[in-house]
Amino acid sequence: YTLTSSVRPLTDLNSLINSSILFGTPTPLAPNVPVYANLGTTNSVETGASSVNLYRFVATFTGPATFRASVPPDEPTDPVLRLFDDLGEPLALNDDADQSTRDAQITLDLVAGQTYYLGVSSFGNSAYDPVTGDGATDGLTQGDYVLLASVPQRLTIAGGVVTRATDGSASLSFTLSLAEPATLPVS
């Protein structure tokens, strides 16, 4: 047998990881669709304790959105969330949603059509530059997390018709439609 190997250029590595806006490829993040990920490994590439996973989120509405990195049971992960605008300027940071959890959570009003970047890193690694990836340091933990961008389901009410009965009561008929396909139960 003959084994032949070669060293790939660094630009190939940058296309496999999502650690910066400029050099990496931030992972698209869809509303209300969980993403199962790992700090320390990205697309089968070992990134280690200084791992930063960046996600790209384009707001389809104006209003509040909640981003949460949840830690599965028995995982040592202690994620930190950072939210950035389209230029990489910081908007918010959270380590623990509250004192009872290591889950990180950010709730912020977004503007329709705007691009946002969400960074997930380990506790101890929260001063990195999201544009270049510079400044990432070894965090204290590695492991799995679940990222979710929770946005409200938007309804449109149209075509209301009031029908008045002879006994004085009335009924209203109308059509409800969702602005996008439902990803959560609608009741």
Side-chain angles (χ1 to χ4, degrees), residues 10-11 13-43 45 47-71 77-98 101-142 144-154 178-181 183-184:
L10 185 58
T11 54
L13 176 62
N14 288 335
S15 69
L16 296 173
I17 60 175
N18 61 352
S19 62
S20 71
I21 296 169
L22 185 60
F23 300 113
T25 307
T27 304
L29 182 61
N32 300 318
V33 177
V35 173
Y36 300 89
N38 181 280
L39 285 173
T41 304
T42 303
N43 294 328
V45 175
T47 52
S50 63
S51 179
V52 174
N53 294 337
L54 278 179
Y55 298 87
R56 182 177 185 267
F57 183 83
V58 179
T60 57
F61 67 98
T62 296
T66 298
F67 301 94
R68 188 174 184 103
S70 301
V71 179
T77 319
D78 187 1
V80 173
L81 285 179
R82 293 178 70 197
L83 185 65
F84 305 95
D85 67 12
D86 61 335
L87 299 175
E89 293 297 320
L91 300 173
L93 177 145
N94 181 263
D95 173 25
D96 296 328
D98 61 53
T101 184
R102 287 176 285 137
D103 295 357
Q105 179 175 305
I106 293 172
T107 300
L108 195 69
D109 284 336
L110 305 182
V111 176
Q114 294 295 313
T115 298
Y116 297 89
Y117 293 98
L118 188 70
V120 182
S121 60
S122 173
F123 179 75
N125 180 19
S126 61
Y128 58 87
D129 181 336
V131 176
T132 64
D134 292 343
T137 58
D138 283 352
L140 300 180
T141 64
Q142 296 180 58
D144 295 334
Y145 65 91
V146 180
L147 182 62
L148 183 65
S150 299
V151 301
Q153 297 290 331
R154 295 168 305 161
L178 291 171
E180 52 205 35
T183 54
L184 301 172

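At a threshold of 4.5 Å between non-hydrogen side-chain atoms, the residues L110 and V151 do not count as touching. Contact check for L148 versus P34: side-chain heavy atoms found under the 4.5 Å cut-off. When side chains are defined from C-beta on, Y128 does not count as touching S20, because their heavy atoms never get closer than 4.5 Å. When side chains are defined from C-beta on, L39 does not count as touching T141, because their heavy atoms never get closer than 4.5 Å. Between Q114 and D85, every side-chain heavy-atom pair lies at or beyond the 4.5 Å cut-off. No side-chain heavy atom of N38 sits under 4.5 Å from any side-chain heavy atom of N53. Using a 4.5 Å heavy-atom threshold, the side chains of T137 and S50 count as separate. Taking the side chain as every heavy atom from C-beta outward, F84 and P90 approach each other to under 4.5 Å.
Minimum interatomic distance between Y145 and A69 (heavy atoms only, all atoms of both residues): CD1-CB, 4.3 Å. Between Q142 and T77, the closest heavy-atom pair is O-OG1, 3.8 Å. Across all their heavy atoms, F57 and A30 have their closest contact at CE1-C, 4.3 Å. Taking all atoms of both residues into account, the shortest heavy-atom contact from D103 to T101 is N-OG1, 2.9 Å. Between A104 and N94, the closest heavy-atom pair is CA-OD1, 3.4 Å. Here the closest non-hydrogen pair linking S126 and V80 is CB-CG1, 4.0 Å.
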- Apply side-chain contact (heavy atoms from CB on, under 4.5 Å) to D95 and D78, showing your working. CA-CA 8 Å; D95 173 25; D78 187 1; 3.3 Å; yes
- Let me see the working for E89 and L91 under side-chain contact (heavy atoms from CB on, under 4.5 Å), right down to the final yes or no. CA-CA 7 Å; E89 293 297 320; L91 300 173; 5.7 Å; no
- Message: Evaluate L81 against V120 for side-chain contact (heavy atoms from CB on, under 4.5 Å), listing each step before the verdict.
- Response: CA-CA 5 Å; L81 285 179; V120 182; 3.6 Å; yes
- Message: Pair I21, L87 - check side-chain contact (heavy atoms from CB on, under 4.5 Å), show working.
- Response: CA-CA 9 Å; I21 296 169; L87 299 175; over 6 Å; no
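Distance check: T25 OG1 to R56 CZ gives 11.5 Å after rounding to the nearest 0.5 Å. Taking CZ from R82 and OG from S121, the interatomic distance works out to 7.0 Å, rounded to the nearest 0.5 Å. The structure places CG of L54 at 11.5 Å from CG of L22, a figure rounded to the nearest 0.5 Å.
Judged by distance alone, with hydrogens and angles left aside, the side-chain atoms of S122 form a donor-acceptor pair with the main-chain N or O of L140 at under 3.5 Å. Looking only at distances, no side-chain donor or acceptor of T66 sits under 3.5 Å from a matching main-chain atom of T107.
Between F67 and Y116, the gap from one ring centroid to the other reaches at least 6.0 Å.
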